[in-house]
Amino acid sequence: MKIMIIDGKKVSKEIVEEYKEKFNKLNKEVNFAIIWIGEDNASEIYVKNKIKKCEYVGIKTKLYHLEETISEEEVLELIDELNKDSKVHGILLQSPVPQHIDIIKCFNKIDYKKDIDGFSNKSVGNLYLGRPFHISCTPKGIVRLLDYYQIDLNGLNVCIINRSNIVGKPLFHLLLERNATITMCHSKTKNLKEHTKMADIVISAVGKPKFITADMIKDKAIVIDVGISRIAGKVVGDVDFENVSKKASYITPVPGGVGPMTIAMILENIYNAVKEEI
Ligand code: NAP
């Protein structure tokens with residue numbers, strides 16, 4: 001069977017170049033604040049990648065790398081200052097944060113127009129009501145990839161395995177807007193395979209290598225792998241790529257699938273924040 005690899009690396013490169021040109025044409029200083037608390041290793045890589053891509057397209061980034069012991073109040077104060085600073089166009093709080101800090105409270109403190117990750121109450125509410133401003137970057141990137149490959153979601157059965165605030169829940173709303181019929185699965189779902197087998201599109205964001213096996217999908221299903229795990233220093237997804245790719249019609253690799261799209265969507269959201277201000 002002819003299989004199509006959904007090449008997120010290529011698509012994201014095109015988007016990055018598009019925004020490099022757009023930011024250049026703006027002829028305006030654009031500032032993006034990233035708050036990173038503590039020393040989480042994975043966060044360090046994500047933060048560095050975000051800074052690198054932003055700088056590449058001409059966005060000035062300022063990293064606020066805060067001590068693990070910082071109080072919630074101090075974080076909220078910093079966000080307040082950044083909200084008020086008219087030179088700052090976007091704010092991103094890197095997760096995870098230390099346990100003593102209420103991340104939802106911090107997300108809610110970010111002015112929704114500067115809320116590049118789209119995690120504040122207002123951003124989430126706008127998405128729920130079908131009038132989004134900033135949409136969280138991973139779900140937005142997934143839908144952008146499907147659009148790029150002209151996959152019409154209208155009436156398709158989609159099985160999402162994830163119900164988190166950053167992936168599953170926003171993705172549900174985006175897919176519903178596109179008239180997909182959605183099944184949300186999670187760790188308490190019984191007979192997961194019955195749900196995945198029914199789906200035209202399976203989107204897995206579990207974080208367990210080889211979680212999705214070939215017997216779990218129907219012939220010609222579209223498989224989107226959001227999961228990121230590390231095995232002996234190598235990044236892998238949730239999908240048993242070697243076997244699932246023999247049965248699927250389209251599939252995203254890991255790395256090089258959904259991951260690069262997340263950063264591309266950050267650039268797009270920053271650009272939208274600046275345009276809103278002009
Ligand atoms: P999370 O909050 O831990 O979500 C994992 C989800 O998987 C939960 O909904 C969980 O169910 C479900 N799950 C766990 N075990 C399961 C099982 N045996 N059967 C069915 N469902 C199961 O993590 P997250 O932050 O959403 O991230 C999920 C994965 O995506 C991670 O690997 C993360 O690294 C990756 N990710 C990638 C990107 C990217 O840019 N590519 C962005 C964000 C996240 P419960 O809700 O019941 O616990």
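Atoms within each ligand, like the ligands themselves, are counted from 1 in listed order. Everything quoted here is computed from the prediction, not taken from an experiment.
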**Message:** Quick one, F241 and D225 - any side-chain contact, counting heavy atoms below 4.5 Å?
**Reply:** no
**Fill in**
Note: ligand 1 atoms sitting under 4.0 Å from heavy atoms of G227 are 30 (O), 32 (O)
**Message:** I need the atoms of ligand 1 closer than 4.0 Å to a non-hydrogen atom of S164, numbered in the order shown.
**Reply:** 2 (O), 24 (P), 26 (O)
**Message:** Looking at C185, is its backbone amide N or carbonyl O close enough to the side chain of N162 to form a donor-acceptor pair, meaning the two atoms are under 3.5 Å apart?
**Reply:** no
**Item:** Identity and distance of the protein heavy atom lying nearest atom 30 (O) of ligand 1
**Value:** V226 O, 3.6 Å
**Message:** Is it true that D240 and T213 share a donor-acceptor pair across their side chains at a distance under 3.5 Å?
**Reply:** no
**Asked** Which atoms of ligand 1 are found less than 4.0 Å from any heavy atom of I161?
**Response** 20 (C), 21 (N)
**Request:** Looking only at distances, please establish whether an N/O atom of ligand 1 is found under 3.5 Å from an N/O atom of I228.
**Result:** yes
**Request:** Starting from atom 15 (N) of ligand 1, locate the nearest protein heavy atom and write down its residue, its atom name and how far away it is, to 0.1 Å.
**Result:** K208 NZ, 3.2 Å
**Item:** Partner of V158 by side chain to side chain contact (heavy atoms under 4.5 Å, CB included), out of L146, L171, I222, I201
**Value:** I201
**Prompt:** So which heavy atom in the protein is nearest atom 21 (N) of ligand 1, and how far is it from that ligand atom?
**Reply:** H186 C, 3.1 Å
**Asked** Do you see a donor-acceptor pair shorter than 3.5 Å between the side chains of S120 and D115?
**Response** yes
**Asked** Does NZ or CZ of K20 come closer than 6.0 Å to the centre of the six-membered ring of Y56, within 45° of the ring's axis?
**Response** yes
**Complete:** Residue, atom and distance of the protein heavy atom nearest atom 14 (C) of ligand 1 read V206 CG1, 3.7 Å
**Fill in**
Honestly, for D238 the part within reach of ligand 1 (heavy atoms, under 4.0 Å) is neither
**Prompt:** Cationic tip of K169 within the cone over F172's six-membered ring, i.e. under 6.0 Å and within 45° of the normal?
**Reply:** no
**Asked** In the protein, which heavy atom is nearest to atom 25 (O) of ligand 1, and how far is it?
**Response** I166 CD1, 3.3 Å
**Derivation and outcome, side chain to side chain contact (heavy atoms under 4.5 Å, CB included), residues M184 and I161** = CA-CA 6 Å; M184 297 281 285; I161 313 166; over 6 Å; no
**Message:** List ligand 1 atoms under 4.0 Å from G259, heavy atoms only on the residue side.
**Reply:** 40 (O), 41 (N)
**Request:** Verify the distance criterion only: is there a donor paired with an acceptor across the side chains of E29 and N31 at less than 3.5 Å?
**Result:** yes
**Message:** Could you tell me, atom by atom, which parts of ligand 1 come under 4.0 Å of a heavy atom of T262?
**Reply:** 39 (C), 40 (O)
**Asked** Is the closest heavy atom of T189 to ligand 1 under 4.0 Å?
**Response** no
**Prompt:** Is the backbone N or O of K122 less than 3.5 Å from a side-chain atom of N126, with the two atoms forming a donor-acceptor pair by type?
**Reply:** yes
**Request:** Report yes or no: does a heavy atom of M261 sit under 4.0 Å from some atom of ligand 1?
**Result:** no
**Asked** For atom 17 (C) of ligand 1, which protein heavy atom lies nearest, and how many Å away is it?
**Response** F211 CZ, 3.6 Å
**Request:** Considering heavy atoms of the protein only, find what lies nearest to atom 4 (O) of ligand 1 and give residue, atom and distance to 0.1 Å.
**Result:** N162 ND2, 3.4 Å
**Request:** Evaluate the ring planes of H173 and Y128, with Trp represented by its six-membered ring, and classify them as parallel (under 30°), tilted (30 to 60°) or perpendicular (over 60°).
**Result:** tilted
**Asked** Should the proximity of V167 to ligand 1, defined as any heavy atom under 4.0 Å, be assigned to the side chain, the backbone, both, or neither?
**Response** side chain
**Prompt:** So, Q94 and Y46: side-chain donor and acceptor under 3.5 Å apart, yes or no?
**Reply:** no
**Message:** Show the atoms of ligand 1 that are less than 4.0 angstrom away from any heavy atom in A205.
**Reply:** 5 (C), 6 (C), 7 (O), 28 (C), 29 (C), 30 (O)
**Request:** Any atoms of ligand 1 less than 4.0 Å from a non-hydrogen atom of G207? List them with their elements.
**Result:** 32 (O)
**Residue, atom name and distance, where the atom is the protein heavy atom closest to atom 9 (O) of ligand 1** = R163 N, 2.9 Å
**Asked** Can you tell if the side chain of I103 reaches within under 4.5 Å of the side chain of S95, non-hydrogen atoms only?
**Response** yes
**Message:** Pairs of nitrogen or oxygen atoms closer than 3.5 Å, one from S187 and one from ligand 1: do any exist?
**Reply:** yes
